[in-house]
Amino acid sequence: MSSVAPNRLSSRNYPVAATAAKPKRVTPTILIAEDSRDSREMLEVLLLLRGYDVLTAEDGPTALQLALANVPSLILLDLGLPKLDGLSVARHLRSYASLTRVPIVMLSGHDPMEYKQPALDAGCTDYLLKPLDFRKLDEILDHEVPL
């Protein structure tokens with residue numbers, strides 16, 4: 001009587017199926033370009049509490065530099081920035097391929113009847129009047145950069 005060794009499977013002979021790693025969720029980053037320290041800090045705290053990563057700039061050139069270096073998920077851009085106003089910043093941002101699809105929301109205390117269309121023409125996707133309507137801001141965030 002011959003004895004036959006049982007068939008054994010070895011992991012050396014058969015590749016072990018790799019377990020699919022869950023993709024890491026990337027937290028959206030929002031750039032706040034606002035010269036008013038109080039407004040900038042209030043928006044920063046609000047967005048951090050909602051779970052966003054936040055970058056801040058207090059003037060136009062800094063906003064451009066941060067946007068180019070980090071490519072944020074959304075930009076909140078004050079119309080009245082020093083050194084380079086919000087409309088100019090928006091036009092510059094739209095000239096870079098990496099930033100053409102980043103939503104830009106213009107923030108302004110100026111009459112939307114006069115300034116909304118120029119903001120949209122400069123490449124902004126929306127216009128929010130100050131003082132901000134936080135429900136409207138929430139709608140924009142939920143649509144453009146949902147968590």
Side-chain angles (χ1 to χ4, degrees), residues 8-147:
R8 296 186 183 215
L9 298 177
S10 163
S11 63
R12 289 179 298 177
N13 300 334
Y14 296 86
V16 176
T19 55
K22 290 183 182 179
K24 269 197 164 182
R25 186 173 175 178
V26 176
T27 303
T29 300
I30 298 177
L31 170 59
I32 303 167
E34 169 64 67
D35 63 320
S36 164
R37 181 177 175 200
D38 290 340
S39 295
R40 189 174 59 248
E41 289 177 355
M42 181 266 310
L43 280 169
E44 181 179 17
V45 169
L46 175 80
L47 294 170
L48 288 170
L49 288 172
R50 279 203 61 180
Y52 293 101
D53 288 337
V54 177
L55 300 168
T56 63
E58 61 186 32
D59 60 47
T62 304
L64 280 173
Q65 182 181 37
L66 286 172
L68 287 168
N70 298 281
V71 187
S73 307
L74 181 133
I75 300 169
L76 297 175
L77 181 62
D78 181 35
L79 177 64
L81 290 174
K83 300 182 185 176
L84 191 63
D85 68 62
L87 292 174
S88 298
V89 172
R91 284 188 208 97
H92 283 294
L93 291 170
R94 290 302 186 221
S95 71
Y96 293 94
S98 62
L99 298 169
T100 57
R101 300 187 71 168
V102 174
I104 302 171
V105 179
M106 185 66 73
L107 309 177
S108 174
H110 298 290
D111 181 8
M113 295 298 288
E114 185 176 346
Y115 288 94
K116 183 176 182 178
Q117 193 57 52
L120 297 174
D121 292 343
C124 294
T125 51
D126 216 326
Y127 186 96
L128 282 180
L129 185 63
K130 294 179 187 179
L132 296 180
D133 176 344
F134 291 105
R135 285 177 290 193
K136 177 66 174 159
L137 177 60
D138 283 343
E139 288 174 14
I140 291 169
L141 295 172
D142 290 341
H143 179 261
E144 299 290 357
V145 285
L147 290 172

Rounded to the nearest 0.5 Å, how far does [atom2] of [Y] lie from [atom1] of [X]?
X      : Y      : atom1 : atom2 : value
Met42  : Leu47  : CE    : CG    : 9.0 Å
Leu93  : Arg91  : CG    : CZ    : 11.5 Å
Ile140 : Arg135 : CD1   : CZ    : 13.5 Å
Ile32  : Leu74  : CD1   : CG    : 10.0 Å
Thr56  : Leu76  : OG1   : CG    : 12.0 Å
Lys116 : Ser108 : NZ    : OG    : 12.0 Å

field: Criterion side chain to side chain contact (heavy atoms under 4.5 Å, CB included) against Leu84, the qualifying member of Leu64, Asp59, Thr62
entry: Leu64
message: Under the side chain to side chain contact (heavy atoms under 4.5 Å, CB included) test against Val89, which residue among Leu79, Leu77, Ile75 passes?
response: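 Result: among Leu79, Leu77, Ile75, Leu77 is the only option passing the side chain to side chain contact (heavy atoms under 4.5 Å, CB included) with Val89.
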task: Count the heavy atoms of every other residue, nucleotide or ligand shown that sit under 6.0 Å from CD of Gln117, and state whether that count exceeds 12.
output: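 Atom CD in Gln117 is packed in, count exceeds 12.
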Taking all heavy atoms of [X] and all of [Y], pick out the closest pair and write down the distance.
X      : Y      : value
Leu129 : Pro112 : CD1-CD, 4.0 Å
Pro82  : Pro61  : O-CD, 4.1 Å
Glu58  : Arg40  : CB-NH1, 3.3 Å
Ala57  : Leu66  : CB-CD1, 4.0 Å
Leu31  : Ala63  : CD2-O, 3.6 Å

Residue pair [X] / [Y], side-chain heavy-atom distance below 4.5 Å:
X      : Y     : answer
Met106 : Leu87 : yes
Leu99  : Leu68 : yes
Ile104 : Arg94 : yes

From CA spacing to verdict: salt bridge (Lys or Arg N to Asp or Glu O under 4.0 Å), Asp78, Lys130: CA-CA 10 Å; Asp78 181 35; Lys130 294 179 187 179; 2.9 Å; yes
task: I would like to know whether Leu107 and Leu43 meet side chain to side chain contact (heavy atoms under 4.5 Å, CB included); could you show each step before the answer?
output: CA-CA 12 Å; Leu107 309 177; Leu43 280 169; 4.0 Å; yes
task: Verify, without hydrogens or angle tests, whether Thr29 (side chain) and Ser73 (backbone) share a donor-acceptor contact under 3.5 angstrom.
output: no
field: Tyr52 (side chain) donor-acceptor with Val145 (main chain) under 3.5 angstrom
entry: yes
- request: List for me each residue that meets side-chain hydrogen bond (donor to acceptor under 3.5 Å, both in side chains) alongside Thr27, sequence neighbours excluded, and say none if there are none.
  value: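 Result, side-chain hydrogen bond (donor to acceptor under 3.5 Å, both in side chains) vs Thr27: none returned.
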statement: Those residues at least two apart in sequence (or on a different chain) that pass side-chain hydrogen bond (donor to acceptor under 3.5 Å, both in side chains) with Asp35 are none
task: Could you go through the side chain to side chain contact (heavy atoms under 4.5 Å, CB included) check for Ile30 and Glu144 one step at a time?
output: CA-CA 11 Å; Ile30 298 177; Glu144 299 290 357; over 6 Å; no
query: Got a sec, which residues hit ring-ring contact (aromatic ring centres under 6.0 Å, His included) with Tyr115, two or more places apart in sequence or on another chain?
result: His110
